[in-house]
A.B. asks: 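Can you keep this structure in mind? I'll have questions shortly.
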Amino acid sequence: MKKIFNHTILLSALSIMAFTATGCLEEALPEDGSFTEDQVEDADKAALAGAMTSYFTAGGDNSWDIGYATFMMWRDAMTADFPVNDASWDYYNYYNSQVSLGNTYNSGLWWDRGYYHISRANKTLAISSTDIDSEDAYYRGYAYTLRAMLYFDMARTFEYKHTDIEALDRSADQRGVWGLTVPIITENTTEAESRRTPRAPFYQMYRFINSDLTNAQLYLQNFHSTSSKDTPSLGVAYGLAARFWLELGSRFDRYPDDLAKQIENESNPDLAHLPALGITSANDCFRNAAEFARKAIGEGYTPTTRTQWFDKSSGFNTPIDSWMWAIIISPENWLAKECTWKGWVSYHCPEATYGMSESTEYAAYRMIDARLYGEIDPNDWRRDTWIDPEFAAMDDSDEKKEVFSSRFSQVTTYNYDDFIKFNAYAGFKFRPAGGNGKTPSVGNAVSIPLMRIEEMYLIEAEALAHCNGPAAGKTALESFMNAYRMKDGTTYSTNAAQLEDVINEIWTQKRIELWGEGLLWFDYKRRELAIERGYIGTNHPSLYRYNSYPEAVAPWTNMYIVDRVRDLNQTVILNPDPTGAIKTLWTE
């Protein structure tokens, strides 16, 4: 029988053993990862689709390993926007303190988990019919959507970008890693081929991801909604395309030579199996980003309301109209049944008294960056998501109790005495399931947003600012803010007029809107923005106050590829190890 697929050998046995079993996943797959013609006929596509979904919550034994949400947490922790109150109980500290970022287990997990999840999509594509009118259409659409998202994650995570640190960038030059992403392993890749598949250059990876996104839209064209938001609909494929084209627009606007390289390789015969991007300028990419963001908006999602945002029972733990895609942790999931303090709720929800984020014993709750908080319009109702430093500084008094009653009692299930145990800037965006912060098996069964429609409005605004002029971007931003984020009777406006100023104001609003959702790290890297945790008035722990350099990426955002990957595939060139790259902590 013909072998039509063998899952990637870029995983070590140790890594696979660390994964939690996902039920129907392994039951649906042959031991060696390959399929015969009879097995293709008999395969349970629904089980494979379920496997793709369940793998989002497949974690390991490490205290920080809670499945895909692990990487969302790590990405946020790497930025300047998500300081922890007490670093003593911070399980996401490696990248903040620049330790153990090279050939270590936690570095390897980024690669292993990504490719193992990709293999789920590959297996689904290998056994499903290509007929657009068949019952397999949804399975293929889901698989293409998931694979596009994962390769987009992986490409941005492992492509080395300049840090302005001479030793690191010189090493990258000597190794020849500039412009390289990750190997492309598909449903047609054999085991032997996977051992000699090199890291794809960006111009090949972009064509591959775009091909998957195009196929996702094709196969999902009749699926405008799904029964559960842990599986993607057409709007999600549009949303991923909007993210993708914004990434390309930013890159080609900043680096015209990369645009020339992409255009040069549009006619590369070795890439003839991949559709060309069909672009001639960065503005073509921005126009595409705006178009797909608007298509996603047109699918009928509505932004989160103030009532939904602050709902003490369901706020940011339950899918609503604004959520396009989500991780859903059911009461039967191991993260709810078997975990107490380990999980999304423990690390994100200060109302979980059993978690790391409670106020007294561990106090490792997450805060908003002090400077970012200062950028929130006083009439923006999102401001009450975090404890106002002026409130925190007030003496215990009837006046302070009145401020709590009028502003913060809407945000929390805590009474006044418990609420004031938290420091300034503490965030109350995420809540235990049902508002139950007492019972882990109940409170941990939350949903986590992977994509919300608000992001599409902000992508559209940034893209329009580039391709239609800064005034267009400003108008789009002001329209969004005034329609959805300002208190009744108040108006948001920005004095920004020049392109860079408008883009920066959109960026500020994006940081406020998507705080804690694991996405902003990609924007820091996309725009090559400094990550600054050390400044006068900072609320970042002293051991984390490393500042990266302007107009360059933070070195800890260039992820290392562990040595055993190269041992299995000699064509893979490793990135420089960013451990301890910035030598000096900021001090007052």
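Scope of the values below: all heavy atoms of this structure, side chains included, with no hydrogens, waters or symmetry mates.
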A.B. asks: If you compare all heavy atoms of V562 against all heavy atoms of L574, which two are closest, and at what distance to 0.1 Å?
C.D. replies: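 Heavy atoms only, the tightest pair is O-CD2, 3.9 Å.
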
A.B. asks: List for me each residue that meets side chain to side chain contact (heavy atoms under 4.5 Å, CB included) alongside T214, sequence neighbours excluded, and say none if there are none.
C.D. replies: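 Applying side chain to side chain contact (heavy atoms under 4.5 Å, CB included) to T214 gives N210.
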
A.B. asks: Could you pull out all residues at least two apart from F158 that satisfy ring pair (Phe, Tyr, Trp, His ring centres under 6.0 Å)?
C.D. replies: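 Listed in chain order: W111.
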
A.B. asks: Tell me, please, which residues at least two apart from W344 pass ring pair (Phe, Tyr, Trp, His ring centres under 6.0 Å).
C.D. replies: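 Here the qualifying residues are H348, F430.
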
A.B. asks: When you compare the side chain of V553 with that of S548, does any pair of heavy atoms fall below 4.5 Å?
C.D. replies: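 With C-beta onward as the side chain, the pair stays apart.
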
A.B. asks: Please name all residues satisfying salt bridge (charged side-chain N to carboxylate O under 4.0 Å, His left out) with D258, sequence neighbours left out, ordered by chain then number.
C.D. replies: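 For D258 the salt bridge (charged side-chain N to carboxylate O under 4.0 Å, His left out) partners, ignoring immediate neighbours, are R251.
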
A.B. asks: Not counting sequence neighbours, which residues clear side chain to side chain contact (heavy atoms under 4.5 Å, CB included) with L529? List them please.
C.D. replies: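 Testing L529 for side chain to side chain contact (heavy atoms under 4.5 Å, CB included), a comparison that skips the adjacent residues, returns W507, Y524, R527.
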
A.B. asks: Go through the steps to decide whether Y95 and W521 satisfy the test ring-ring contact (aromatic ring centres under 6.0 Å, His included), and finish with yes or no.
C.D. replies: CA-CA 12 Å; Y95 299 96; W521 180 87; 8.8 Å; no

A.B. asks: Keeping the roles fixed (side chain from T579, backbone from L101), state whether a donor-acceptor pair exists under 3.5 Å.
C.D. replies: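 Side chain of T579 to backbone of L101: a pair is present.
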
A.B. asks: Enumerate the side chain to side chain donor-acceptor pair (under 3.5 Å) contacts for residues 263-274, please, sequence neighbours excluded, ordered by first and then second residue.
C.D. replies: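 Qualifying pairs, neighbours excluded: N265-N268.
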
A.B. asks: Please test Y301 against M451 for side chain to side chain contact (heavy atoms under 4.5 Å, CB included), starting from the C-alpha separation and ending with a verdict.
C.D. replies: CA-CA 11 Å; Y301 305 98; M451 183 183 290; over 6 Å; no

A.B. asks: In chain order, what residues pass the ring pair (Phe, Tyr, Trp, His ring centres under 6.0 Å) check against H466, with sequence neighbours excluded?
C.D. replies: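 In terms of ring pair (Phe, Tyr, Trp, His ring centres under 6.0 Å), with neighbours along the sequence ignored, H466 is linked to F286.
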
A.B. asks: Could you measure the distance from the OH atom of Y560 to the CG atom of N106? Nearest 0.5 Å is fine.
C.D. replies: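 One gets 13.0 Å once the value is rounded to the nearest 0.5 Å.
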
A.B. asks: Looking only at side chains, do Y68 and D153 share a donor and an acceptor under 3.5 Å apart?
C.D. replies: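 Present: a donor and an acceptor within the cut-off.
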
A.B. asks: Set out, in order, the CA-CA distance, both residues' side-chain angles and the distance that settles side chain to side chain contact (heavy atoms under 4.5 Å, CB included) for W74 and Y94, then state yes or no.
C.D. replies: CA-CA 9 Å; W74 254 330; Y94 301 105; 4.0 Å; yes

A.B. asks: Who passes side chain to side chain contact (heavy atoms under 4.5 Å, CB included) against A296, sequence neighbours left out?
C.D. replies: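 Partners of A296 under the side chain to side chain contact (heavy atoms under 4.5 Å, CB included) test: Y238, M324, I453, M456.
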
A.B. asks: Between the side chains of T104 and S107, is a donor N or O closer than 3.5 angstrom to an acceptor N or O?
C.D. replies: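 Checked: T104/S107 side chains pair up, N/O donor to acceptor below 3.5 Å.
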
A.B. asks: Applying salt bridge (charged side-chain N to carboxylate O under 4.0 Å, His left out), which residue pairs with at least one partner in residues 514-526 are found, sequence neighbours left out?
C.D. replies: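 Only K429-E517, R452-E517, E462-R526, K510-D523, D523-R526 qualify under salt bridge (charged side-chain N to carboxylate O under 4.0 Å, His left out).
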
A.B. asks: May I ask you to test the Y115-P183 pair for a side-chain heavy-atom distance under 4.5 Å?
C.D. replies: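 Yes, close enough: below the 4.5 Å cut-off.
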
A.B. asks: So, does H117 use its side chain to make a donor-acceptor pair with the main chain of M52 at under 3.5 Å?
C.D. replies: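 Yes; judged by distance alone, with no hydrogens or angles, the pair exists.
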
A.B. asks: Quick check against the 3.5 Å criterion: does N575 have a side-chain atom that pairs as donor or acceptor with the backbone of I561?
C.D. replies: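 Flag not set: sc N575 to bb I561 has no pair under 3.5 Å.
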
A.B. asks: So, the side chain of T226 versus the backbone of T231: is there a donor-acceptor pair under 3.5 Å, distance only?
C.D. replies: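 Answer holds: yes.
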
A.B. asks: Under 3.5 Å, side chain of D136 to main-chain N/O of S129, donor-acceptor pair present?
C.D. replies: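 Yes; at least one donor-acceptor contact below 3.5 Å.
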
A.B. asks: Listing request: all salt bridge (charged side-chain N to carboxylate O under 4.0 Å, His left out) pairs with a residue in residues 138-149, at least two apart in sequence or in separate chains.
C.D. replies: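 Checked against salt bridge (charged side-chain N to carboxylate O under 4.0 Å, His left out) - neighbours excluded - the pairs reaching residues 138-149 are R147-E187, R147-D212.
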
A.B. asks: For Y142 and W325, take the angle between the two ring planes, folded into 0 to 90°, and tell me which bin it lands in: parallel under 30, tilted 30 to 60, perpendicular over 60.
C.D. replies: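 Answer is perpendicular, since the angle exceeds 60°.
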
A.B. asks: With sequence neighbours excluded, tell me which residues meet side chain to side chain contact (heavy atoms under 4.5 Å, CB included) with S281.
C.D. replies: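 Side chain to side chain contact (heavy atoms under 4.5 Å, CB included) check on S281 returns N283, D284, R287.
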
A.B. asks: Aromatic ring centroids of F292 and F244 under 6.0 Å?
C.D. replies: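 That pair fails the under 6.0 Å test.
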
A.B. asks: Which residues satisfy the ring pair (Phe, Tyr, Trp, His ring centres under 6.0 Å) test with Y549, sequence neighbours excluded?
C.D. replies: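 None.
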
